[in-house]
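Below is one structure, written out as structure tokens, with a few remarks after it.
Note that these values count all heavy atoms, side chains included, but never hydrogens, waters or copies made by symmetry.
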Amino acid sequence: EIKKLKSLTTLKLRGNPVKELPAEIGLLRKLEILDIGFTQIKALPSEFGNLKALKRLYIDYTEIKHLPESTPKLTNLEYIHLFGPKTINLVETIDFLSVLPNFTELDLPVVSEIPDNLFKLKKLQKLNIYQHDFNDYRKPFETISKIESLKELRIYDYGSKVNLPSEIGSLKQLELLELICSG
């Protein structure tokens with residue numbers, strides 16, 4: 001019956017024991033915010049790409065491994081929150097997101113390295129990296145420094161002190177740099 005909610009702009013199912021989204025979700029033409037974090041959802045239906053108004057997507061702590069092939073149709077998507085377990089294929093996800101004209105903000109999941117294709121996110125302005133496992137910051141910053149549009153960078157390091165490599169100087173548009181260390 002969800003298809004009858006024609007005026008729905010926000011759908012938050014966070015923390016509910018939901019296991020799947022019905023294909024009818026694609027009929028919610030006004031949906032701007034979809035939060036399915038902390039659910040048991042393992043996949044998004046292919047009709048997900050019909051959510052033309054979608055701006056913000058929260059899929060943290062789900063078991064989603066792949067975004068649907070229809071993801072590049074989400075031309076209004078600005079933000080995706082991926083924080084959580086290392087289940088999603090990041091390289092594939094970034095390729096999908098790189099073609100979106102309004103995509104500007106990304107929260108990365110737990111990572112041990114930054115995917116090399118991150119620089120493809122040409123309009124990315126905000127990057128948040130949580131609970132990573134970097135032994136050396138040079139390699140991640142070689143990749144991050146290629147994102148010329150980046151204005152905000154937040155790094156939450158829970159294991160060691162952050163020693164910024166010189167590549168940080170390549171981020172000419174950077175307005176906010178937030179390093180939070182607790183270790």
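We find the CG-CD1 distance between Leu108 and Ile129 to be 5.5 Å, quoted to the nearest 0.5 Å. To the nearest 0.5 Å, atom CG of residue Leu54 and atom CG of residue Leu31 are 6.0 Å apart.
The backbone N or O of Lys55 lies less than 3.5 Å from no partner atom in the side chain of Asn76, so there is not a single donor-acceptor pair. Using modelled atom types, one side-chain atom of Arg29 and one backbone atom of Asn50 make a donor-acceptor pair closer than 3.5 Å. Judged by distance alone, the side chain of Ser70 and the main-chain N or O of Ser46 form a donor-acceptor pair under 3.5 Å.
A salt bridge links Arg154 with Glu178: at least one charged nitrogen is closer than 4.0 Å to a carboxylate oxygen.
Atom CD of Glu24 is surrounded by more than 12 heavy atoms from other residues, nucleotides or ligands within 6.0 Å. Applying the 6.0 Å contact sphere to NZ of Lys123 captures no more than 12 heavy atoms from other residues, nucleotides or ligands. Atom CD of Glu69 has 12 or fewer neighbouring heavy atoms from other residues, nucleotides or ligands inside a 6.0 Å radius.
Both tests pass for Arg56 against the ring of Tyr79: distance under 6.0 Å to the centre and angle within 45° of the axis.
Hydrophobic clustering (ILVMFWY, side-chain heavy atoms < 4.5 Å, transitive): Phe103 and Leu90 are in one cluster.
Closest heavy-atom contact between Pro72 and Val99: CB-CG2, 3.6 Å. When all heavy atoms of Leu5 and Leu28 are compared, the closest pair comes out as O-CD2, 3.4 Å.
Remark: of the listed residues Thr39, Leu82, Val18, Thr39 is the sole one forming a side-chain contact (heavy atoms from CB on, under 4.5 Å) with Thr62.
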